[in-house]
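I have placed the structure first, in the form of structure tokens, so that the comments after it can refer back to it.
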Amino acid sequence: MKTKNQEPRTKNNSTSSVLSPKLVIGWLYPELMSTYGDRGNIICLQKRCQWRDIRVDIKLLDLGFDNKQLAKCDMLFMGGAQDQQQKIVSHDFSKEKAKELKKMVEDGIPGLYICGAYQFLGRYYKDADGTIIKGLGILDLYTENPGENYKRLIGDIIAKSNLPFSRIVVSVPIPYRNSIDDVVGFENHGGRTYLGKNVKPLGTVLKGFGNNGEDQTEGAIYKNSFGSYLHGPILPKNPHFADYLIKLALEKKYSPPIDLSPLDDSLERQAHEAIAKRLGISV
Ligand code: GLN
């Protein structure tokens, strides 16, 4: 168990090219859209920034939030939810907000959208009782839940990533540099997502269901926006993904290249490898 005084770790702030860097992370619908530990992604991003002297401001964008708040964010996060909460959120997401979010996605503001949030970025989500929840139409995909008589896609999952994690390799301690090609997590969704031509899968499923349990794709990539079905939360067990998001956000806000200092991720790696091992995949 990590004790408080083990923090901060290895503080050689190689983001020194930027004087007191700061990131504003927008957390969309923290109360309604956060299941299976998704809030842990915010804590992970916050800590990995603080351990590198990067100041972090978490902006809670809850029901009725004001568009101007959204526009101030350097990175966005939105977690998963049950069908009921997704309906409430879709009513709160006004045209103005959708327009602002689309502009930020098109402009390359990094964002991580988990499960129900990922579905929401698509054209629509047909939920378990057949109701069509209109999506934001930002990502070229749609999701259909075949209904209660069909099994939910549940369990641990590992996918080979399509993200160029090699770009952040300097921030990965040497012993682990070979194991940053995949991501592990936990999935639990009724919806099956199908990707269109304008988005790339985030990864290829090695074990688990992923987008639809049929085409081995998991998640989606569009510019610097990433959709994924991986809960857990996803980032603590895949610190390379967290660092990739932080690096993208810093380089978007300040001029690249910005390399992050390596952190002692031995515990995160053990957790990552434990899931891979449980799925019979050696990493
Ligand atoms: N309610 C959606 C589904 O079942 C999303 C679930 C989730 O976010 N975990 O597919």
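Order of listing sets the numbers, starting from 1, for every ligand and every atom in it. All residue numbers in this chain count up from 1 along the given sequence.
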ask   = Just by modelled atom types, is the Asp38 backbone N or O under 3.5 Å from a matching donor or acceptor in the Asn41 side chain?
value = yes
request  = May I ask you to check whether Tyr118 and Tyr113 place their ring centers less than 6.0 Å from one another?
outcome  = no
Shortest non-hydrogen separation from Glu251 to Pro257 and the atoms involved = OE2-CA, 3.4 Å
message = Which Ile, Leu, Val, Met, Phe, Trp or Tyr residues join Ile43 in one cluster when any pair of side-chain heavy atoms under 4.5 Å counts as a link?
response = none
Reference residue Leu76; test side-chain contact (heavy atoms from CB on, under 4.5 Å); the match among Val24, Ile25, Leu101, Val105 = Leu101
Kindly print each ligand 1 N/O atom paired with any protein N/O atom under 3.5 angstrom away, one pair per line, or none if nothing qualifies.
| residue | atom | partner | partner atom | Å |
| --- | --- | --- | --- | --- |
| ligand 1 | 1 (N) | Ala81 | O | 3.0 |
| ligand 1 | 1 (N) | Asp83 | OD1 | 2.6 |
| ligand 1 | 1 (N) | Gln86 | OE1 | 2.7 |
| ligand 1 | 4 (O) | Arg152 | NH1 | 3.4 |
| ligand 1 | 4 (O) | Arg152 | NH2 | 3.2 |
| ligand 1 | 4 (O) | Gly190 | N | 3.0 |
| ligand 1 | 8 (O) | Ala81 | N | 2.8 |
| ligand 1 | 8 (O) | Ala81 | O | 3.2 |
| ligand 1 | 8 (O) | Gly116 | N | 3.1 |
| ligand 1 | 9 (N) | Asn188 | O | 3.1 |
| ligand 1 | 9 (N) | His231 | NE2 | 3.0 |
| ligand 1 | 10 (O) | Gln119 | NE2 | 3.0 |
| ligand 1 | 10 (O) | Gly190 | N | 3.1 |
| ligand 1 | 10 (O) | Gly191 | N | 2.8 |

inquiry  = Centre-to-centre under 6.0 Å for Tyr229 and Phe209, is that the case here?
reply    = no
